[in-house]
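Okay, structure first, notes after.
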Amino acid sequence: MSLLEARNVGKRYGPVVALESASLSVDAGEVHALLGANGAGKSTLVKILTGVIQRDGGTVELRGEPVRVSSPSRAARIGLAPVFQDPALVPDLTVAQNIRLTAVDVDAVRQRLREMDVDVDFTEQAGDVPLPLLRMIDLARAMARDPQLLLLDEITAALPSDLAERVFAVMEDWRRRGRSVLFITHRLAEVIAMCDRATVLRDGRDVGTLVPREIGERQIVEYMLGPEAATAEAHAAEVDETPLKGAAAAEAAATTLEVTDLRVGSLAGVSFSLRAGEILGVAALEGQGQNDLFAVLAGDRRAEGGEMSVTGKSLRPRHPYDAIRSGLVLVPADRLLALLPQRSVRENIAAPRYNRLGRWGPINPREERRRVASAIEALQIDTRAQRQVRRLSGGNQQKVTIARWLASGFQTLLCFDPTRGIDVGTKRQIYALLRRLADDGAAILFFSSELSEFPLVCDRVLTLFGGRITGELAGEGADEASLLRAMHGLVEEVAS
Amino acid sequence: MSAGTPQVATPAARLRAAQRVLSDNPAIALTFVFVALFVVTDIVNRAQSGKAFLTPTQVSTTFLYAAPLALLAAGQTLVMLTGGVDLSVATTATTAAFVSSGTAHDHGTGYALLLALAFGFGIGLVNGIGVAIFRVNPLIMTLGISSVTLGALTIYSQTRFVALVPNIVNTLGSSRFFKYVPYDLLVWAPIAALIILGLRFSGFGRMIFAVGDNPVACRLAGVRVWQVLLLVYALCGAFSAVAGILLVGFNDAADLGIAAPFLLPSVAAVVIGGTSILGGSGGYGGTILGALILTVLDSLLTILNASQALKQILYGAIILALAWLYARTSSGD
């Protein structure tokens with residue numbers, strides 16, 4: 001019998017479609033996987049089912065009864081308990097205080113943790129508890145509500161294998177008691193080992209429900225990709241009309257950035273080199289260490305080990321300022337991290353020019369205007385709403401974040417998902433711009449959550465999995481299928 | 001709205017449009033308010049005592065009285081542009097008043113004035129260190145420092161020292177030349193010009209706005225945010241000291257309560273002037289108009305025989321009303 005039945009559930013934010021129309025059916029006594037590439041809509045669906053956000057369309061039924069999950073507490077009352085991707089704990093409160101905040105019985109949580117054989121000091125501040133243990137506390141808290149359906153979003157991503165095993169044991173136990181689990185993971189091996197059925201989402205739609213054990217990892221990947229491979233190639237041909245892939249590229253150029261055995265956070269020893277004129281891609285599933293890699297290179301975080309050098313000079317940035325002085329500049333995915341929303345386009349673009357005491361004196365308006373104007377022109381920024389950057393469209397805002405570095409000068413551009421949430425036309429302009437910059441001698445490190453961008457943009461692509469580099473592909477060869485395989489750590493075919 | 005009805009500008013829509021224009025150009029509205037308030041005061045004064053208020057002398061007096069407030073509000077503007085607030089401006093000014101009048105007899109006027117400025121800068125620097133480096137909440141930090149300095153001043157005021165307000169300070173704080181021009185304009189006007197131009201046309205000015213708008217973005221752009229904050233608080237202390245010197249010149253004697261009534265108005269002037277309470281937008285031009293408006297308002301209330309208590313209630317109400325208005329207009333975007 002079906003426990004939960006969601007039909008044609010959709011969610012949009014203005015013009016952005018987070019979930020087009022997804023259907024999902026979870027049986028009682030079933031461990032059900034929810035699969036899909038980044039941005040396919042998995043987390044959105046889970047948030048809708050647990051009342052965090054409200055759906056725009058579609059129906060949800062629980063044991064045949066239509067339900068309106070109006071809030072997380074309502075979800076808890078009807079037996080739906082989620083564990084989200086990010087730990088939902090207040091860092092300054094103790095573990096016990098955090099649990100009381102959510103009106104869950106502390107002893108019940110303690111009991112659950114004991115059953116899982118996980119040792120947690122409840123008087124410790126949540127901020128001091130290591131991430132894997134926080135995930136286990138989150139899980140125990142969800143279990144303490146004794147829900148019919150546990151929804152686990154990427155819970156194993158941050159767990160070492162011994163703790164992951166305990167999560168699997170919980171899933172087994174839930175199934176045995178006739179209850180259900182909805183399990184989101186990027187690790188396909190776990191899906192095959194643990195899940196009875198899997199629903200695959202692609203671009204906000206469900207594209208099929210399958211039995212993972214019977215069909216195998218490779219075919220699951222094909223499902224997640226869909227027949228898109230062909231379309232993506234057509235797409236590539238279209239964009240190729242603009243002069244991408246400069247010939248000048250990598251050959252004689254000297255190494256600009258050399259990274260050796262870099263370790264920080266979830267990054268477990270990464271080495272690579274980046275040459276002037278080259279665009280090097282970094283492809284990874286969520287949480288494989290790419291955030292830490294970019295944060296360290298941009299000077300936003302200090303390395304725990306390993307070496308970095310820029311044109312032969314060792315670099316140990318303590319502040320983004322140090323990285324910028326060495327020519328390493330960051331374009332983050334979240335434009336809110338890079339922009340001054342109330343200030344003008346001009347002030348935003350000129351801002352990095354005044355980042356040191358020596359530049360705090362009078363501005364040279366002519367020089368500033370010239371540099372800003374040429375950056376605006378290079379990026380074709382629409383300046384109709386230039387008095388306040390917050391009034392610009394997302395695409396134009398992203399262009400401003402890149403234009404800042406054109407105006408102030410750089411050597412290595414660190415682009416972290418620079419096209420997230422941007423329309424197709426602007427995306428192409430950005431691809432073309434990156435290529436032009438590389439042809440002019442810049443080195444570019446490029447992470448994207450959209451796999452189809454790698455063959456369009458990059459000369460080489462590295463894949464990151466579990467904090468290590470698991471493969472290197474030539475730009476042309478980096479089609480989605482090969483990338484996904486390497487990104488899941490299935491490397492044997494890629495190595496050749 | 002049904003399909004057939006033509007688009008009519010509703011009163012609400014017109015109000016919103018007007019709000020947008022005013023929030024983009026606060027100087028227009030503020031100048032209007034200032035002039036209107038002057039006219040109202042004139043009418044009230046004629047009704048009460050049969051005398052005109054709208055005279056060159058009263059205009060001149062308004063500027064004379066406004067200068068200390070506008071200088072306290074100058075530092076306050078810089079601090080509030082970064083998203084903070086300085087509750088120690090009044091006690092810093094009081095400190096400068098005591099230091100300049102207490103040391104002039106023994107050490108000379110020049111020494112006294114420099115020492116007063118140094119004290120102001122120093123107190124601001126301590127605020128800055130707390131806020132920028134140790135990340136203490138600005139409210140707490142400056143309130144704490146204010147309390148400490150006031151205590152220290154109380155002790156100092158009980159010691160024996162020869163108080164002497166130098167002549168030049170006296171003249172600066174209370175006299176006029178060419179019949180109508182207050183001497184304190186000679187101090188205030190250059191500082192005002194420096195701040196207005198500096199905010200627009202210097203790298204430091206850009207960084208003040210930037211830090212108030214988005215400190216995270218500043219960090220990623222390579223700005224050492226603490227450097228900006230440190231200098232802003234130190235400057236605020238120095239400007240407050242200048243205000244204190246003018247006040248002691250006006251009063252001809254330092255006392256512990258000399259600047260206290262100006263604390264809330266210093267914040268009010270900034271808010272009236274259109275600087276965002278959350279930082280990142282605004283400027284000193286608006287603050288000047290805010291200080292002038294509050295000064296005329298003070299005259300009006302004095303003519304109406306309003307008590308100090310009533311004035312305080314009014315200043316508080318003005319800040320709250322404007323803060324509410326600001327929250328409304330910005331959430332409409």
Side-chain angles (χ1 to χ4, degrees), chain A residues 294-295 298-301 317-332 334-344 346-365 368 385 387-391 397 400-401 404-405 407-408 410 414 416, chain B residues 20-21 23-25 78 80-83 132-133 193-232 234-235 274-283 326 329-333:
Chain A
F294 276 74
D300 196 27
R301 210 177 151 178
R318 296 153 51 87
H319 187 279
Y321 176 76
D322 302 321
I324 292 166
R325 290 235 81 178
S326 301
L328 283 162
V329 302
L330 175 70
V331 175
D334 187 352
R335 294 177 282 278
L336 293 177
L337 296 179
L339 291 177
L340 312 170
Q342 301 177 68
R343 308 310 302 172
S344 67
R346 177 169 166 179
E347 281 182 44
N348 266 278
I349 292 177
R353 289 171 52 77
Y354 310 114
N355 64 8
R356 58 176 170 277
L357 289 169
R359 290 278 187 81
W360 281 8
I363 284 170
N364 177 344
E368 183 187 275
R387 276 197 61 181
Q388 288 196 320
V389 156
R390 62 178 171 159
R391 294 183 188 167
Q397 288 181 344
V400 171
T401 68
R404 300 190 305 165
W405 300 123
S408 61
F410 67 92
L414 308 164
F416 192 87
Chain B
R20 173 64 59 81
V21 170
S23 71
D24 281 354
N25 308 287
L78 299 187
M80 289 180 71
L81 281 175
T82 67
I133 296 171
L194 194 72
I195 294 177
I196 291 174
L197 294 176
L199 280 175
R200 270 182 174 235
F201 300 114
S202 79
F204 179 54
R206 292 288 180 80
M207 289 305 103
I208 291 177
F209 284 114
V211 165
D213 201 3
N214 189 350
V216 176
C218 285
R219 179 179 152 79
L220 289 182
V223 181
R224 267 77 50 98
V225 173
W226 64 269
Q227 296 176 336
V228 179
L229 291 178
L230 198 63
L231 188 51
V232 161
L235 283 177
T275 293
S276 161
I277 294 173
L278 304 173
S281 80
Y326 173 79
T329 47
S330 64
S331 66
D333 265 75

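All values below come from the heavy atoms of this structure, side chains included, with hydrogens, waters and symmetry mates left out.
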Counting heavy-atom pairs closer than 4.5 Å to chain B, which one of N348(A), N364(A), L357(A) comes out on top? L357(A)

Region of R353(A) in contact with chain B, defined by heavy-atom distances below 4.5 Å: neither

Look up atom CG in N214(B) and atom CD in Q342(A), then write down how far apart they are to the nearest 0.5 Å. 9.5 Å

Give the intermediate values and the outcome of side-chain contact (heavy atoms from CB on, under 4.5 Å) for residues Q227(B) and R356(A). CA-CA 9 Å; Q227(B) 296 176 336; R356(A) 58 176 170 277; over 6 Å; no

Paired with D213(B), the side chain to side chain contact (heavy atoms under 4.5 Å, CB included) test is passed by just one of L339(A), V389(A), L340(A), namely L340(A)

Distance in Å, W360(A) CH2 paired with I208(B) CD1, rounded so as to fall on 0.5 Å steps: 8.5 Å

Please check if the number of heavy atoms outside R301(A) that lie under 6.0 Å from its CZ is greater than 12. yes

The interface call for R359(A) against chain B, heavy-atom contacts under 4.5 Å, is backbone

Is chain B contacted by the side chain of A298(A), its backbone, both, or neither, given a heavy-atom distance below 4.5 Å? neither

Pairs of heavy atoms under 4.5 Å with chain B: top-ranked of L337(A), I324(A), D322(A): L337(A)

Residue part contacting chain B, namely of A350(A), when any heavy atom lies under 4.5 Å: side chain

Does any backbone or side-chain atom of P341(A) lie under 4.5 Å from a heavy atom of chain B? Answer side chain, backbone, both or neither. both

Is any NZ, NE, NH1 or NH2 atom of the basic residue among R206(B) and E368(A) found under 4.0 Å from an Asp or Glu carboxylate oxygen of the other? yes

So CG of L197(B) and CD1 of I363(A): to nearest 0.5 Å the spacing works out to 11.5 Å

Enter the distance from R224(B):CZ to N355(A):CG here, rounded to the nearest 0.5 Å. 7.0 Å

